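Fair warning: this is a prediction, and the values are worked out from it, not measured in the lab.
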Amino acid sequence: MAKAVLLSTVMGMAGCASTQTAERNPQDPWEGFNRKVYAFNDTVDRYALKPIAQGYDYVTPSPVQTGVGNFFSNLGEVGTAFNSVLQWKWDNAGIATGRFVINSTLGLAGLVDVATDMGITGRQEDFGQTLAVWGVGEGPYLVLPLLGPSTVRDTSGLPVDMYTDPVTHVEEDKVAYGLTFLRLVDKRAALLDQERLIQGDRYSFIRDAWLQQRRFEVNDGEMGDDPFASDSFEFDDSDFAVDDEAGATQPDAGSEAAPTP
């Protein structure tokens, strides 16, 4: 599932555009439009973002990349705390606040994830998840220019997510743009080894993986009821009966039956 998280972040900008499948997915009624946006994102990724990410990955030591990822993850705790309050998840709001304080101080401005080493972990929350808790429907799948996979609900929550992002409030434009670019390149570099997981129609693979992971996040990890684990799911003898005419196989005339031990 962690791999699906990575794929859902930026992989909407990766890979080549494929021809539209004959069978339409009810979750993706705007597939024709989405595939065109996906093709645009692919062009940007193929000729700009991916080469930069490959260069970044080549020259940047792994500990430094980990530190960069930790830094931006720590900034995300601000939005998590805010949305946890809106969702009335006070425990998670306290955890996010504690993680931010600990990592911002003991963790050298968030470069080191001290809180996780201390066993302090929680769930990430954004305003799209808050809207879901408030009863707003998911809406159709939507591919955004440069941003990649989304839904109508998550897209409507982007302005609030941007407002709760500390980078948005950096007054120096050059610093703000630099941090945004670094975050994008770092995320893209983290996906370089994940691309080989994509099989078949890349557009459909990314869409289905993203939707599955997103619903997992919205439901706080709840996967729903398993019908095979339900007490009301019953079997009878006919479910295990073998049709002698259709299912049973007879030994060939020239073969010898195995001796009974």
Side-chain angles (χ1 to χ4, degrees), residues 1-21 23-50 52-53 69 72-73 76 79-80 83 123-133 136-162 164-165 180-181 183-221 223:
M1 191 60 67
K3 294 178 180 177
V5 176
L6 291 174
L7 288 170
S8 68
T9 308
V10 183
M11 275 308 299
M13 301 175 62
C16 57
S18 305
T19 57
Q20 186 165 343
T21 55
E23 184 179 355
R24 302 188 65 86
N25 189 314
Q27 303 166 2
D28 189 8
W30 303 331
E31 184 173 346
F33 168 80
N34 286 335
R35 284 184 179 270
K36 292 177 181 179
V37 178
Y38 176 82
F40 167 78
N41 289 346
D42 164 64
T43 301
V44 175
D45 178 75
R46 185 183 305 174
Y47 295 106
L49 183 57
K50 184 176 180 179
I52 295 174
F72 288 112
S73 178
T80 291
N83 284 286
R123 294 189 178 277
Q124 295 182 345
E125 302 288 346
D126 55 46
F127 197 66
Q129 292 166 268
T130 297
L131 291 175
V133 171
V136 178
E138 181 180 72
Y141 177 73
L142 181 63
V143 180
L144 300 176
L146 302 179
L147 298 180
S150 186
T151 61
V152 171
R153 180 178 63 202
D154 287 339
T155 300
S156 64
L158 285 178
V160 177
D161 289 334
M162 293 176 62
T164 56
D165 182 4
T180 300
F181 180 73
R183 173 159 51 187
L184 180 61
V185 171
D186 182 71
K187 286 185 176 182
R188 184 62 182 92
L191 295 172
L192 293 174
D193 292 336
Q194 307 299 327
E195 293 183 62
R196 66 187 61 155
L197 298 174
I198 301 178
Q199 301 177 359
D201 178 23
R202 296 172 70 89
Y203 170 85
S204 298
F205 183 98
I206 294 167
R207 176 195 61 201
D208 296 344
W210 188 89
L211 286 172
Q212 180 184 19
Q213 174 60 27
R214 187 55 178 161
R215 289 163 184 169
F216 182 85
E217 294 170 347
V218 168
N219 294 325
D220 288 341
M223 297 300 293

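Between Arg46 and Glu195 there is no salt bridge, since no side-chain nitrogen of the basic residue lies less than 4.0 Å from a carboxylate oxygen of the acidic one. We find that Arg35 and Asp201 are joined by a salt bridge, their nearest charged nitrogen and carboxylate oxygen being less than 4.0 Å apart. For Glu138 and Arg214, the salt-bridge test fails: no basic side-chain N is under 4.0 Å from an acidic carboxylate O. Remark: Lys36 does not engage Glu31 in a salt bridge, criterion side-chain N to carboxylate O under 4.0 Å.
Nearest heavy-atom pair, Pro145 versus Val37, reported as atom, atom and distance to 0.1 Å: N-CG1, 3.6 Å. Across all non-hydrogen atoms, the minimal contact from Leu131 to Arg153 is CD1-O, 3.6 Å. Taking all atoms of both residues into account, the shortest heavy-atom contact from Ile52 to Val185 is CG2-CG2, 3.9 Å. Scanning all heavy atoms of the two residues, the minimum distance from Ser150 to Leu144 falls at CB-CD1, 3.9 Å. Scanning all heavy atoms of the two residues, the minimum distance from Arg207 to Asp28 falls at NH1-OD2, 3.1 Å.
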Legend entry - side-chain contact (heavy atoms from CB on, under 4.5 Å) between Thr80 and Arg123, intermediate numbers included: CA-CA 8 Å; Thr80 291; Arg123 294 189 178 277; over 6 Å; no
Inset, instruction - Give the intermediate values and the outcome of side-chain contact (heavy atoms from CB on, under 4.5 Å) for residues Tyr203 and Val143. - result: CA-CA 10 Å; Tyr203 170 85; Val143 180; 4.1 Å; yes
Legend entry - Leu197 vs Gln194, side-chain contact (heavy atoms from CB on, under 4.5 Å): CA-CA, chis, key distance, verdict: CA-CA 6 Å; Leu197 298 174; Gln194 307 299 327; 3.2 Å; yes
Inset, instruction - Using the side-chain contact (heavy atoms from CB on, under 4.5 Å) rule, take Arg188 and Lys50 through it: C-alpha gap first, then chi angles, then the decisive distance, then the call. - result: CA-CA 7 Å; Arg188 184 62 182 92; Lys50 184 176 180 179; 3.6 Å; yes
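Counting only heavy atoms from C-beta outward, the side chains of Phe72 and Lys187 never approach each other to under 4.5 Å. Side-chain atoms of Ser204 and Asn25, non-hydrogen and from C-beta on, never get closer than 4.5 Å to each other.
Remark: side-chain polar atoms of Gln129 are paired, donor with acceptor, to backbone N or O of Asp126 under 3.5 angstrom. Side chain of Asn83 to backbone of Gly79: a donor-acceptor contact under 3.5 angstrom is found.
The one candidate from Val218, Thr130, Asp220 that meets the side chain to side chain contact (heavy atoms under 4.5 Å, CB included) condition with Glu125 is Asp220. Just one residue in the list Thr151, Leu158, Val152 forms a side chain to side chain contact (heavy atoms under 4.5 Å, CB included) with Asp154, and that residue is Thr151.
Atom CG of residue Asp186 and atom CG of residue Leu191 lie 10.0 Å apart, to the nearest 0.5 angstrom. From Leu49, atom CG reaches atom CG of Asn41 across 10.0 Å, with rounding to the nearest 0.5 Å.
Under the 3.5 Å distance criterion, with hydrogens and angles disregarded, no donor-acceptor pair is assigned to the side chains of Tyr141 and Asp208.
Contacts of Pro29 classified as side-chain contact (heavy atoms from CB on, under 4.5 Å), with partners at least two apart in sequence or in another chain: Pro140.
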